Amino acid sequence: MSWTYIEDLHRHEGESVTLKGWLYNKRDSKGLFFLILRDGTGLCQCVVNEEQVAPEAWAAAGAATQESALEVDGVVVRDERQVGGYEVQATAVRLLSPADDYPITPKEHGIEFLMNHRHLWLRSRRPWALMRLRNRVVMAIHHFFQERGFLQLDAPILTGNAVEGTTTLFALDYFGEPAYLTQSGQLYGEAMAMAFGRIYTFGPTFRAEKSKTRRHLTEFWMIEPEMAFYDLDMNMDLAEDFIVHIVQDVLQHAREELAVLGRDLAPLERVRKPFPRLTYSEAVDLLRSDATRQMLDERMEALRQEQAALEHERAENRAAYDRAKKWKKRQIDAREIEINQRLEEIEEMLRNLPQWQESARTFTWGDDFGGSDETVLTWHFDRPIIVHRYPAAVKAFYMKRDPEDDRLALGMDVLAPEGYGEIIGGGERATDLAFLEAQVREHGLPREAFEWYFDLRRYGSVPHSGFGLGLERTLTWLAGIKHLRETIPFPRMLGRLTP
RNA sequence: UCCUCGGUAGCUCAACGGUAGAGCAUGCGGCUGUUAACCGCAGGGUUGCAGGUUCGAAUCCUGCCCGGGGAGCCA
């Protein structure tokens with residue numbers, strides 16, 4: 001028996017259809033049930049009128065609880081008031097499978113509870129938007145590279161060697177040999193670029209970093225293009241086109257998802273070429289400048305004003321509480337929770353900002369940027385920025401040195417706006433065999449593991465470049481959310497292996 | 001590893017030394033167009049664990065466990 005998906009209802013106005021899905025929410029009145037059905041493609045209100053359906057259908061509607069599986073037959077009616085713009089006047093309701101005491105009620109929940117129920121949480125509205133956004137971005141990435149003639153070829157997940165040391169790798173036993181889960185497809189990408197010209201890898205990456213922050217997962221997805229005969233400038237041009245393409249695609253095709261997430265579209269609409277490009281040294285100067293100090297002062301002042309306004313509102317609400325009607329009390333309670341949460345955020349920011357200001361002011365040339373430094377830098381601009389030519393000491397061993405200044409490596413990072421920080425890291429690779437051999441030695445890496453990599457320089461070494469885009473970090477920025485753990489179906493992070 | 005905040009009903013929170021409460025969820029009743037529907041009634045608790053201080057501890061102290069945020073590291 002065929003059925004109709006909710007996202008296709010606009011093609012069936014006035015027709016009789018069958019919907020299959022789960023009960024998202026239910027309201028009732030005398031002689032009426034309003035069933036909000038969820039089928040993965042959207043939500044649709046199904047109206048069941050006692051006078052217009054058989055007694056079995058009325059009973060099924062009554063018995064259906066949240067997340068019960070249902071089939072509903074009915075007529076599609078245009079109704080601007082509804083989610084999706086349509087509703088279905090039910091002619092029959094069949095309860096396929098009941099659900100008792102579904103744990104995620106239509107109410108706010110804490111993150112620990114939700115993460116423990118991630119397998120069910122995925123059914124909710126916000127994960128719906130985020131997972132669909134993820135799918136959209138994955139498709140946009142493939143389109144971008146496929147249209148330009150790149151081959152998608154994957155690097156191995158199990159590796160015997162570490163790209164940049166073994167401290168942050170997950171170690172495994174590979175039939176008695178030590179092995180690791182990959183932390184980057186980088187070196188393999190270079191081999192494939194020498195074979196096919198332009199390639200990109202798209203796969204999971206593993207880092208055993210003990211980081212508990214909103215920017216880290218132990219398992220995340222990375223897209224790594226690698227191009228023969230590309231220098232640093234061409235690499236930055238590509239990264240810029242790539243980001244613009246993704247943002248434009250999302251703005252065109254994920255409007256509803258962004259709306260569900262409450263994303264302010266204006267910052268995304270400003271993402272156009274060219275992105276400001278700063279050398280590392282220019283970025284350091286900007287960090288240490290009066291302009292940065294002043295900008296942070298202004299931010300702190302704005303936060304203090306918001307804090308005072310919220311405290312005032314809370315006091316007024318409390319004063320009015322005793323005289324308030326019941327529904328008003330409920331509203332005040334809800335608002336109080338909102339206010340308290342925002343006040344906590346503000347307090348944390350007010351604790352952090354002076355430290356960030358100090359870190360920026362005293363930043364010394366040669367250090368790598370901390371998370372706060374990146375955030376502060378991006379606050380100066382209205383679109384992503386590219387920082388390039390870092391001190392060689394803070395970058396990977398395979399980076400090419402700047403011919404103009406040997407202290408510098410031809411690396412580049414793309415920093416997302418609105419304080420989201422690094423979403424791309426990459427650069428031009430070293431081509432000279434002797435230089436790489438020396439680098440491996442100086443970094444204390446096992447030479448044997450890199451013999452095959454050295455072959456790439458022995459047989460037709462050419463300039464080449466590439467970069468890695470963190471999928472979840474990019475999604476976090478696009479969605480405008482606070483934690484990247486919501487951008488992957490089942491996040492893996494410190495202390496979280498299930499579900 | 002370090003710093004910081006937290007753990008109270010199934011869920012989200014309040015009570016901050018003196019009889020553990022509210023909303024949501026659940027059950028029953030009411031209402032023919034609801035939008036987190038609403039109104040009424042009901043059940044629901046070793047206040048994370050173990051000790052200590054006190055006439056009295058959810059509240060104060062010590063240790064442990066679990067979680068949030070941050071530093072380091074990084075996409």
Side-chain angles (χ1 to χ4, degrees), chain A residues 24-36 43 45 47-52 65-66 77 79 81-83 87 89 100-117 125 164-165 167-168 183-184 186 204-224 318 321 326-327 329-334 336-338 340-341 344-345 347-349 351-352 355-356 359 368-372 374 394 396 413-416 420-426 467-477 482-485 493-496:
Chain A
Y24 188 73
N25 200 359
K26 178 166 87 168
R27 288 179 283 270
D28 64 86
S29 188
K30 187 173 169 68
L32 286 175
F33 280 115
F34 301 96
L35 309 177
I36 312 296
L43 297 176
Q45 173 163 282
V47 184
V48 187
N49 189 320
E50 188 171 16
E51 292 171 359
Q52 290 164 22
T65 51
Q66 193 191 358
V77 177
D79 188 336
R81 291 170 302 178
Q82 304 309 331
V83 237
E87 72 174 18
Q89 298 287 342
D100 290 329
D101 295 325
Y102 184 70
I104 305 179
T105 56
K107 186 75 206 303
E108 257 184 68
H109 299 277
I111 190 65
E112 185 184 1
F113 178 82
L114 289 172
M115 290 302 300
N116 286 338
H117 295 83
R125 200 86 177 110
E164 299 160 37
T167 49
T168 60
Q183 64 173 346
S184 167
Q186 164 65 43
T205 301
F206 306 88
R207 304 268 168 95
E209 294 159 359
K210 294 197 171 174
S211 298
K212 274 175 77 117
T213 82
R214 58 183 77 184
R215 297 193 304 279
H216 289 85
L217 293 169
T218 54
E219 176 183 295
F220 63 97
W221 287 66
M222 192 150 69
I223 294 86
E224 295 181 280
R318 281 177 179 170
Y321 194 82
K326 188 166 185 181
W327 67 271
K329 283 184 175 168
R330 193 170 304 170
Q331 208 174 46
I332 292 174
D333 286 340
E336 169 113 10
I337 291 170
E338 254 176 48
N340 287 346
Q341 280 172 354
E344 267 178 44
E345 280 173 27
E347 274 166 35
E348 194 185 320
M349 282 305 287
R351 269 199 305 274
N352 287 338
Q355 291 168 31
W356 293 12
S359 159
D368 203 356
F369 296 127
S372 75
E374 286 179 352
V394 301
D413 288 348
V414 178
L415 307 182
Y420 281 94
E422 186 176 352
I423 54 171
I424 279 179
F467 59 82
L469 172 94
L471 180 63
E472 288 79 13
R473 282 197 183 171
T474 304
L475 282 164
T476 306
W477 162 53
K482 286 179 188 152
H483 312 84
L484 91 169
R485 63 185 161 214
M493 46 204 195
L494 196 58
R496 168 70 59 190

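In what follows, every chain begins at residue 1, and chains take the letters A, B, ... in the order their sequences are listed. Values in this document were obtained by computation on a predicted structure and should not be read as measured data.
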At under 4.0 Å between heavy atoms, what does [X] touch on the DNA or RNA strands: base, sugar-phosphate, or nothing?
{"X": "A/H109", "result": "sugar-phosphate"}
{"X": "A/R215", "result": "base"}
{"X": "A/L469", "result": "nothing"}
{"X": "A/E422", "result": "sugar-phosphate"}
{"X": "A/R496", "result": "nothing"}
{"X": "A/H117", "result": "nothing"}

How far does the [atom1] atom of [N] sit from the matching atom of [M], given to the nearest Å?
{"N": "B/rA25", "M": "B/rC11", "atom1": "C1'", "value": "7 Å"}
{"N": "B/rG23", "M": "B/rA9", "atom1": "C1'", "value": "12 Å"}
{"N": "B/rU34", "M": "B/rC13", "atom1": "C1'", "value": "27 Å"}
{"N": "B/rA75", "M": "B/rC2", "atom1": "P", "value": "26 Å"}
{"N": "B/rU46", "M": "B/rC38", "atom1": "P", "value": "29 Å"}
{"N": "B/rA71", "M": "B/rG10", "atom1": "P", "value": "36 Å"}
{"N": "B/rG45", "M": "B/rG63", "atom1": "P", "value": "33 Å"}
{"N": "B/rG43", "M": "B/rG52", "atom1": "C1'", "value": "37 Å"}

[N] [atom2] sits how many Å from [X] [atom1], rounded?
{"X": "A/M349", "N": "B/rC5", "atom1": "CE", "atom2": "C1'", "value": "17 Å"}
{"X": "A/Q66", "N": "B/rG10", "atom1": "CD", "atom2": "C1'", "value": "12 Å"}
{"X": "A/L114", "N": "B/rC11", "atom1": "CG", "atom2": "C1'", "value": "10 Å"}
{"X": "A/Q186", "N": "B/rC74", "atom1": "CD", "atom2": "P", "value": "15 Å"}
{"X": "A/N116", "N": "B/rU12", "atom1": "CG", "atom2": "P", "value": "10 Å"}
{"X": "A/W356", "N": "B/rG70", "atom1": "CH2", "atom2": "C1'", "value": "9 Å"}
{"X": "A/R473", "N": "B/rC73", "atom1": "CZ", "atom2": "P", "value": "13 Å"}
{"X": "A/F113", "N": "B/rA25", "atom1": "CZ", "atom2": "P", "value": "14 Å"}

Do A/I104 and A/F113 come within less than 4.5 Å of each other through their side chains, counting heavy atoms only?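 Touching, per the 4.5 Å side-chain cut-off.
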
Are side-chain heavy atoms of A/Q186 and A/E224 found at a separation under 4.5 Å?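 Yes, at least one pair of side-chain atoms sits under 4.5 Å.
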
For A/M493 and A/T218, find the nucleotide of RNA chain B closest to each by heavy atoms; which residue's nucleotide sits nearer the 5' end?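 Between the two, 5'-proximity favours A/M493.
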
Measure from the side-chain heavy atoms of A/E112 and tell me the nearest of B/rG72, B/rG67, B/rC74.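 It is B/rG67.
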
Picking from B/rC73, B/rG69, B/rG68, which would you name as closest to the side chain of A/R214?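 Selected nucleotide: B/rG69.
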
To the nearest 0.5 Å, what is the distance between [atom1] ([X]) and [atom2] ([Y])?
{"X": "A/K26", "Y": "A/T65", "atom1": "NZ", "atom2": "OG1", "answer": "7.5 Å"}
{"X": "A/N25", "Y": "A/I36", "atom1": "CG", "atom2": "CD1", "answer": "6.5 Å"}
{"X": "A/R485", "Y": "A/E472", "atom1": "CZ", "atom2": "CD", "answer": "14.0 Å"}
{"X": "A/F220", "Y": "A/Q183", "atom1": "CZ", "atom2": "CD", "answer": "8.5 Å"}

Minimum-distance pair of heavy atoms, taken over all atoms of [X] and [Y]:
{"X": "A/Q66", "Y": "A/Y24", "answer": "CG-O, 3.6 Å"}
{"X": "A/Q45", "Y": "A/F34", "answer": "NE2-CD2, 3.7 Å"}
{"X": "A/M493", "Y": "A/H216", "answer": "CB-O, 4.4 Å"}
{"X": "A/S184", "Y": "A/T205", "answer": "N-CG2, 4.0 Å"}

B/S/- contact track for nucleotides 28-35 of chain B, protein heavy atom under 4.0 Å: ---BBBBB

Treat a base pair as Watson-Crick or G-U wobble with both distances under 3.5 Å, then lay out RNA chain B in dot-bracket form, 5' to 3', with | for cross-strand pairs. (((((((..((((....[..)))).(((((.......))))).....(((((..]....))))))))))))....

Check whether any side-chain nitrogen or oxygen of A/K210 sits under 4.0 Å from OP1 or OP2 of B/rC73, and answer yes or no.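 No, A/K210 has no side-chain N/O under 4.0 Å of OP1/OP2 on B/rC73.
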
Strictly below 4.0 Å: does A/R207 bring a side-chain N or O up to OP1 or OP2 of B/rG72?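 No, outside the criterion.
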
Could you list the residues that satisfy ring-ring contact (aromatic ring centres under 6.0 Å, His included) with A/H483, not counting sequence neighbours?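 Per chain and number, A/H483 pairs via ring-ring contact (aromatic ring centres under 6.0 Å, His included) with no residue.
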
